[in-house]
Amino acid sequence: MSKKDKIIKFVDLFAGLGGIRLGFQQALADYGLKGKCLYTAEIKPHALRAYNHNFPGENVKYTNVTEIQKSDIDSFNILLGGFPCQAFSLAGQRMGFEDNYKGLCRGTLFMDVARICEYHKPKVIFCENVKGLTIHDR
């Protein structure tokens with residue numbers, strides 16, 4: 001299989017408007033590679049409308065990452081994740097695992113990324129950098 005024929009399979013969790021995906025796909029294109037998004041998860045209605053506009057024909061629906069059955073996702077090579085950073089960001093409340101936003105804890109969402117990755121064992125896990133994530137609670 002030549003480089004041009006190779007398709008990189010990826011998933012896009014906490015997809016937002018699709019910014020991480022757009023950059024990722026552009027980087028693939030710069031190297032003559034193609035990507036195929038196998039699964040997308042997002043919960044914000046405004047973000048979903050923008051995402052579906054940015055990626056016509058995919059018709060992504062509301063998907064809560066905490067409710068994803070890891071076996072429902074096809075095998076993939078790369079995970080893209082822009083999980084909420086407010087719980088750890090130095091600019092935020094820094095509540096970490098105790099974060100409470102409208103009755104939900106954003107501070108444990110990256111554990112769902114780990115749960116999915118532990119099952120699928122992707123070659124690359126690409127998450128948005130959050131200053132404070134690795135130093136929170138030591």
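Basis for what follows: all heavy atoms, side chains included, without hydrogens, waters or symmetry-related copies. All values reported here derive from a predicted model rather than from experimental measurement.
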Got V124 and F10 here, is their nearest side-chain heavy-atom distance under 4.5 Å? no
Flag side-chain contact, heavy atom, 4.5 Å: C117 against I125: yes
Which of D74, L79, T63 passes side-chain contact (heavy atoms from CB on, under 4.5 Å) with Y39? It is T63
All pairs passing salt bridge (Lys or Arg N to Asp or Glu O under 4.0 Å) where residues 8-21 contributes a residue, at least two apart: R21-E58
As an exercise, state the distance from CG of D112 to NZ of K70, rounded to the nearest 0.5 Å. 10.5 Å
Rounded to the nearest 0.5 Å, the SG atom of C127 sits from the CG atom of L80 at a distance of 8.5 Å
Measure the CD1-CG distance between I68 and L13 for me, rounded to the nearest 0.5 Å. 5.5 Å
For residues K61 and N59, determine if any side-chain heavy atom of one lies less than 4.5 Å from a side-chain heavy atom of the other. yes
I73 vs I116 side-chain heavy atoms within contact, under 4.5 Å: yes
What residues, two or more places apart in sequence or in another chain, satisfy side-chain contact (heavy atoms from CB on, under 4.5 Å) together with L28? I8, F24, L33
Heavy atoms only: give me the nearest R115-V65 pair and the separation to one decimal. NH2-O, 3.1 Å
side-chain contact (heavy atoms from CB on, under 4.5 Å) involving A47 - partner list, sequence neighbours excluded: L17, E42, K44
May I have all residue pairs that pass side chain to side chain donor-acceptor pair (under 3.5 Å) and include part of residues 118-127, sequence neighbours excluded? none
Can you name the residues that form a side-chain hydrogen bond (donor to acceptor under 3.5 Å, both in side chains) with D30, not counting sequence neighbours? Q26
Selection residues 52-71 - residue pairs positive for ring-ring contact (aromatic ring centres under 6.0 Å, His included), sequence neighbours left out: Y51-F55
